[in-house]
Amino acid sequence: MTPAVPLAFLGLVDATCSGFRAYAGRDARIRKHRAAARAALRGLATGAVLLLAPALTAALLLLTAPDQARAYATLAAGGNGYLLPLIPYAAAVLLSLAAYFTLPFRAGTLAMVIGLGPLTLLRPLAVAAACLGAVLGGGGASGLLVGAIAGTAMLCVEPLVHRRWYRQVQ
């Protein structure tokens, strides 16, 4: 199985969360579900556009490779290696989100503060570990290139959404 589908799914979910984070805490209204959903959709749209960069890079590497089957196998191995460090990170994020949405208000807020807060700060380290996993997983330089472009794209979603739509909100 190609790792592109689960990686794209993780990237789009991360972009959605990044859009929400760009907006979160910037609005004093109590009922802000519609605005939070709009922010998440803005993150999703921004992430979908930015994910075109690693997809186009991988396509270019495949099209210019002398042996396309070998290049595909290398990129697939790199993608699998990239995915491995992200699975525990995504599971921890999912667990924190589940606690936030299912626990009572105070416990849910605590789960957000001790779970999602530090996990957000660890995102660049998770991307670095994923890039290392791409190389060690057999992706070589091409896997590292595509992984680094994908990681950079995902780390840029929140600042871009914030700068585009929420800069004026303090």
Side-chain angles (χ1 to χ4, degrees), residues 1 3-55 78-137 144 146-170:
M1 181 181 106
V5 173
L7 285 170
F9 176 75
L10 278 177
L12 292 174
V13 170
D14 182 71
T16 303
C17 292
S18 292
F20 173 77
R21 278 192 311 270
Y23 168 75
R26 304 196 190 301
D27 191 338
R29 291 178 290 175
I30 293 173
R31 290 188 176 93
K32 52 185 175 181
H33 300 295
R34 184 174 286 159
R38 184 175 39 248
L41 287 174
R42 287 173 173 167
L44 177 64
T46 304
V49 170
L50 289 176
L51 277 177
L52 290 175
N80 285 326
Y82 194 89
L83 189 58
L84 283 177
L86 294 180
I87 291 172
Y89 179 80
V93 169
L94 186 62
L95 182 65
S96 292
L97 281 172
Y100 174 70
F101 286 117
T102 59
L103 294 175
F105 178 73
R106 288 184 185 199
T109 302
L110 181 63
M112 180 72 80
V113 169
I114 65 172
L116 290 175
L119 288 170
T120 299
L121 294 175
L122 292 174
R123 283 177 74 232
L125 293 177
V127 168
C131 287
L132 181 62
V135 172
L136 296 177
L144 178 60
V146 174
I149 291 172
T152 302
M154 287 299 89
L155 292 175
C156 288
V157 171
E158 186 175 347
L160 287 174
V161 171
H162 174 73
R163 192 169 297 126
R164 168 66 177 94
W165 286 286
Y166 304 111
R167 181 182 347 162
Q168 76 283 359
V169 182
Q170 295 297 330

Value rounded to 0.5 Å, distance of [atom1] in [X] from [atom2] in [Y]:
| X | Y | atom1 | atom2 | answer |
| --- | --- | --- | --- | --- |
| Cys156 | Arg163 | SG | CZ | 9.0 Å |
| Leu10 | Leu51 | CG | CG | 10.5 Å |
| Leu50 | Leu155 | CG | CG | 10.5 Å |
| Leu160 | Arg42 | CG | CZ | 14.0 Å |
| Leu95 | Leu116 | CG | CG | 9.5 Å |
| Thr46 | Leu41 | OG1 | CG | 10.5 Å |

> Just wondering, do Tyr82 and Val127 contact through their side chains at under 4.5 Å, heavy atoms?
Replying inline: yes

> Can you check whether Phe9 reaches Val13 side chain to side chain, under 4.5 Å on heavy atoms?
Replying inline: yes

Could you tell me which non-hydrogen atom of [X] sits nearest to which non-hydrogen atom of [Y], and how far apart they are?
| X | Y | result |
| --- | --- | --- |
| Ala15 | Gly47 | CB-CA, 3.6 Å |
| Leu119 | Ser96 | CD1-OG, 3.9 Å |
| Ala126 | Leu86 | O-CD2, 3.9 Å |
| Tyr100 | Gly108 | CD1-O, 3.3 Å |
| Ala99 | Ala111 | CB-CB, 3.6 Å |
| Glu158 | Ala22 | O-CB, 3.8 Å |

>> Strictly by salt bridge (Lys or Arg N to Asp or Glu O under 4.0 Å), give each pair with a member in residues 104-123 just once, sequence neighbours left out.
In response: Asp14-Arg123

> Taking only residues at least two apart or on different chains, which pairs with a member in residues 80-96 satisfy salt bridge (Lys or Arg N to Asp or Glu O under 4.0 Å)?
Replying inline: none

